[in-house]
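Worksheet: one structure, shown below.
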Amino acid sequence: MATEAEVNPKAYPLADATLSKTILDLVQQASNYKQLRKGANEATKTLNRGISEFIVMAADAEPLEIILHLPLLCEDKNVPYVFVRSKQALGRACGVSRPVIATSVTIKEGSQLKPQIQSTQMAIERLLV
């Protein structure tokens with residue numbers, strides 16, 4: 001686990017341990033409900049198409065700049081975004097055996113995850129204040 005000092009300061013806002021767990025659990029559920037896009041390129045596509053609920057990025061992407069276009073795009077499109085510490089953990093939550101540096105939880109009509117998604121969006125937005 002990276003210590004506070006090791007996390008790149010550009011990875012803002014960074015979720016704390018409890019919020020990270022909530023986010024990763026939701027990412028895992030979204031993956032089961034096919035409401036998940038994995039990878040920086042696919043996350044970018046969901047933002048451009050306006051089908052993203054929120055974006056989760058890994059603070060330990062190397063170099064971090066490969067995903068730093070996403071926060072700018074998120075702000076343009078008013079989509080909440082958050083960093084979690086570990087790309088390994090994010091990959092596991094996505095249900096893949098590889099590290100994942102960015103994912104997008106996508107919008108789906110009549111989704112059963114809507115309440116969890118909304119509460120997570122609010123928690124992420126509180127970090128940005």
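All residue numbers refer to positions in the sequence shown, counting from 1. Computed from a predicted model, the values in this text were never measured in an experiment.
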When every non-hydrogen atom of C94 is compared with those of S31, the smallest separation belongs to O-OG, 3.4 Å
Minimal heavy-atom distance between I67 and A102, with the atoms involved, is CG2-CB, 4.1 Å
For S111 and Q35, does a side-chain donor sit closer than 3.5 Å to a side-chain acceptor? yes
### Salt-bridge present (K108, E53; N to O < 4.0 Å)
no
Are the charged groups of E65 and K10 less than 4.0 angstrom apart, N to O? yes
- Item | Side-chain donor or acceptor of S20 paired with backbone N/O of A15 under 3.5 Å | yes
Would a distance-only check, ignoring hydrogens and angles, find a side-chain to backbone donor-acceptor pair under 3.5 Å from S86 to Q88? yes
| Do P71 and M57 come within less than 4.5 Å of each other through their side chains, counting heavy atoms only? | yes
Spacing of [X] atom [atom1] and [Y] atom [atom2] [to the nearest 0.5 Å]:
X: K114; Y: Q121; atom1: NZ; atom2: CD; result: 5.5 Å
X: Q118; Y: Q116; atom1: CD; atom2: CD; result: 10.0 Å
X: R85; Y: D16; atom1: CZ; atom2: CG; result: 9.0 Å

With a cutoff of under 4.5 Å between side-chain heavy atoms, which Ile, Leu, Val, Met, Phe, Trp and Tyr residues group with [X]?
X: V82; value: L19, I23, L24, L26, V27, Y33, L36, F54, V56, V84, L90, V96, V100, V105, L113, I117, I124, L127
X: I107; value: none
X: I51; value: none

Review point. Should L72 and I101 be counted in the same cluster of Ile, Leu, Val, Met, Phe, Trp and Tyr side chains packed under 4.5 Å apart?
Key: no
Practice prompt. Please step through side-chain contact (heavy atoms from CB on, under 4.5 Å) for the pair Y81 and L73, ending with a clear verdict.
Written response: CA-CA 10 Å; Y81 61 95; L73 200 51; over 6 Å; no
Would you please test L47 and C74 for side-chain contact (heavy atoms from CB on, under 4.5 Å) and show each step? CA-CA 7 Å; L47 283 167; C74 287; 3.8 Å; yes
Does atom CD of Q112 have more than 12 heavy-atom neighbours, drawn from other residues, nucleotides or ligands, at distances under 6.0 Å?
no
request  = Output, in order, the C-alpha distance, side-chain angles, deciding distance and verdict of side-chain contact (heavy atoms from CB on, under 4.5 Å) for R37 and K45.
outcome  = CA-CA 9 Å; R37 291 275 176 267; K45 287 183 226 168; over 6 Å; no
**Report entry** Derivation and outcome, side-chain contact (heavy atoms from CB on, under 4.5 Å), residues F83 and L64
**Finding:** CA-CA 11 Å; F83 285 87; L64 191 62; 4.2 Å; yes
